[in-house]
Amino acid sequence: MTETTTPPVEPGAFREAMAHLASSVHLVTTDGPGGRAGFTASSVCSVSDAPPTLLVCINRGSSAYAAMSANTVLCVNTLSGEQAGIAGAFGGRTPMDERFAAAAWGRLATGAPVLEGALTAFDCRIVGRHAVGSHDVLFCEVVDLAEPGGGQGLVYAGRRYHTLPVTVVPPHDAAA
Ligand SMILES: NC(=O)c1ccc[n+]([C@@H]2O[C@H](COP(=O)([O-])OP(=O)(O)OC[C@H]3O[C@@H](n4cnc5c(N)ncnc54)[C@H](O)[C@@H]3O)[C@@H](O)[C@H]2O)c1
Ligand SMILES: Cc1cc2c(cc1C)N(C[C@H](O)[C@H](O)[C@H](O)COP(=O)(O)O)c1[nH]c(=O)[nH]c(=O)c1N2
C-alpha cells in the first residue's frame, strides 16, 4: 500500500501568507531582577476578561527572552501612528539601552516600563507559558492599565507600518 503524505507548509510560504494580515503593534517591556528589556510584538491577543488576560508570543531566540522569563512581569504598550520610529528601534539588533533611550517611560503596579504617549498600555504578571515551535506563548494577567494616550492606532500590514485613518462618525440624526 502506498502512503501519501501531505507536504508540510514551508516556513517562508507561511510568512508570505501572514504578511497579508494586519496587526496592531506593541512594545512588550519588562524590568526586574533579570534586567530591563523590550521587543516589538504583533503576536498579542486578548484571551479573557475575567480575569483580564492577554497572550504574547515571544521567540525564545530574542535577546529579551531571558529578562522576560526571570522578571515574570511585562507591559504591553500599544503604539500610536506617531510611534512607528520606536517600533523600528525595538524590532531587533539595537542594544537595549539605545531602545529605551528613544522614548520616555513611567511605571505602573509591576514596575515594567510604560511608554509615555502609548495608545494604551496593559501592565501584566505572567501567569502561564506554553512552548510552541520557536516561541513561548505567555499568558499575562492584566493588573493595571495606563491612561490612554490618544491618537490613531499603528498597524503593521504588508511588511509596512500604516496609521489608521481618522474616521469621522456622523451624528446619529445626520445618518438617519
Ligand atoms: N511573531 C513573530 O515572531 C514576528 C512577527 C512579525 C515579525 N517578526 C520578525 O520581524 C522581522 C520583519 O518581519 P516582516 O514582517 O518584515 O517579514 P517576514 O516575511 O519575516 O514576516 C511576515 C509575517 O510572518 C509572520 N512571522 C514572521 N516571522 C515569524 C516567526 N518567527 N514566527 C511566527 N510568525 C512570524 C509575521 O506575521 C510577519 O508579519 C522578521 O525578522 C520577522 O521574523 C516576527
Ligand atoms: C512589526 C514587528 C512585529 C514583531 C517583531 C518585529 C517586528 C518588526 N518581532 C521581532 C522582534 O521584535 C525582534 O526579534 C526582537 O526585537 C528581538 O530581536 P533581538 O534578539 O533583540 O535583536 C516579534 N518577535 C516576537 O518574538 N514576537 C512578536 O510578536 C514579534 N512581532
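One-based numbering, in listed order, for ligands and for the atoms of each.
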Between [Y] and [X], is there a side-chain heavy-atom distance shorter than 4.5 Å?
X: Phe39; Y: Ile58; result: yes
X: Val143; Y: Thr110; result: yes
X: Ile86; Y: Arg99; result: no
X: Trp105; Y: Leu115; result: yes
X: Cys140; Y: Val56; result: yes
X: Asn77; Y: Thr29; result: yes
X: Val132; Y: His130; result: yes

What residue and atom, counting heavy atoms only, is the protein's closest point to [atom], and at what distance?
atom: atom 26 (O) of ligand 2; value: Asn59 N, 2.8 Å
atom: atom 16 (O) of ligand 2; value: Phe90 O, 2.9 Å
atom: atom 30 (C) of ligand 2; value: Thr40 O, 3.3 Å
atom: atom 20 (O) of ligand 2; value: Ser63 N, 3.0 Å
atom: atom 29 (O) of ligand 2; value: Ser43 N, 2.9 Å
atom: atom 3 (C) of ligand 2; value: Ser42 OG, 3.4 Å
atom: atom 18 (O) of ligand 2; value: Gly92 CA, 3.4 Å
atom: atom 8 (C) of ligand 2; value: Tyr161 OH, 3.6 Å

Please tabulate protein-ligand N/O pairs under 3.5 Å for ligand 1, atom names and distances to 0.1 Å.
{"residue": "ligand 1", "atom": "1 (N)", "partner": "Ser43", "partner atom": "OG", "Å": "3.0"}
{"residue": "ligand 1", "atom": "3 (O)", "partner": "His135", "partner atom": "NE2", "Å": "2.7"}
{"residue": "ligand 1", "atom": "15 (O)", "partner": "Tyr156", "partner atom": "OH", "Å": "2.9"}
{"residue": "ligand 1", "atom": "16 (O)", "partner": "Tyr156", "partner atom": "OH", "Å": "2.9"}
{"residue": "ligand 1", "atom": "17 (O)", "partner": "Arg159", "partner atom": "NE", "Å": "3.3"}
{"residue": "ligand 1", "atom": "19 (O)", "partner": "Arg159", "partner atom": "NE", "Å": "3.1"}
{"residue": "ligand 1", "atom": "19 (O)", "partner": "Arg159", "partner atom": "NH2", "Å": "2.9"}

* CG on Leu108 to CZ on Phe122, rounded to 0.5 Å ->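 These two atoms lie 12.0 Å from each other.
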* Asked: Would Glu98 and Arg93 pass as an ion pair if we require N to O under 4.0 Å?
  ->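 Salt bridge: no.
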* Asked: Are Arg107 and Asp123 ion-paired here, with the side-chain N under 4.0 Å from a carboxylate O?
  ->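 Salt bridge between Arg107 and Asp123, a charged N being under 4.0 Å from a carboxylate O: no.
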Heavy-atom pairs closer than 4.0 Å: do any link ligand 2 to the side chain of [X], the backbone, both, or neither?
X: Cys57; result: backbone
X: Tyr65; result: neither
X: Arg99; result: side chain

* To do: Report the member of Gly91, Ser134, Ser62 with the shortest heavy-atom distance to atom 13 (C) of ligand 2.
  =>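 Result: the heavy atom closest to atom 13 (C) of ligand 2 is in Gly91.
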Subset of ligand 2 atoms that lie under 4.0 Å from at least one heavy atom of [X]:
X: His135; answer: 26 (O)
X: Ala41; answer: 4 (C), 28 (C), 29 (O), 30 (C), 31 (N)
X: Tyr156; answer: 1 (C)
X: Ile58; answer: 26 (O)

* Residue pair Val114 / Cys75: nearest heavy atoms and the distance that separates them ->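 Answer, listing the atom of Val114 first, then Cys75: CG2-SG, 3.9 Å.
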* Between Arg60 and His135, which heavy-atom pair has the shortest distance, and what is it? ->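 Distance-wise, the nearest heavy atoms are NH1-O, 2.8 Å.
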* To do: Only one of Thr53, Val142, Leu55 passes side-chain contact (heavy atoms from CB on, under 4.5 Å) with Ser48; say which it is.
  =>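 Option passing the side-chain contact (heavy atoms from CB on, under 4.5 Å) with Ser48: Thr53.
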* **Same apolar cluster: Val76 and Leu27, side chain cutoff 4.5 Å** =>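 No; Leu27 is not reachable from Val76 via cluster members.
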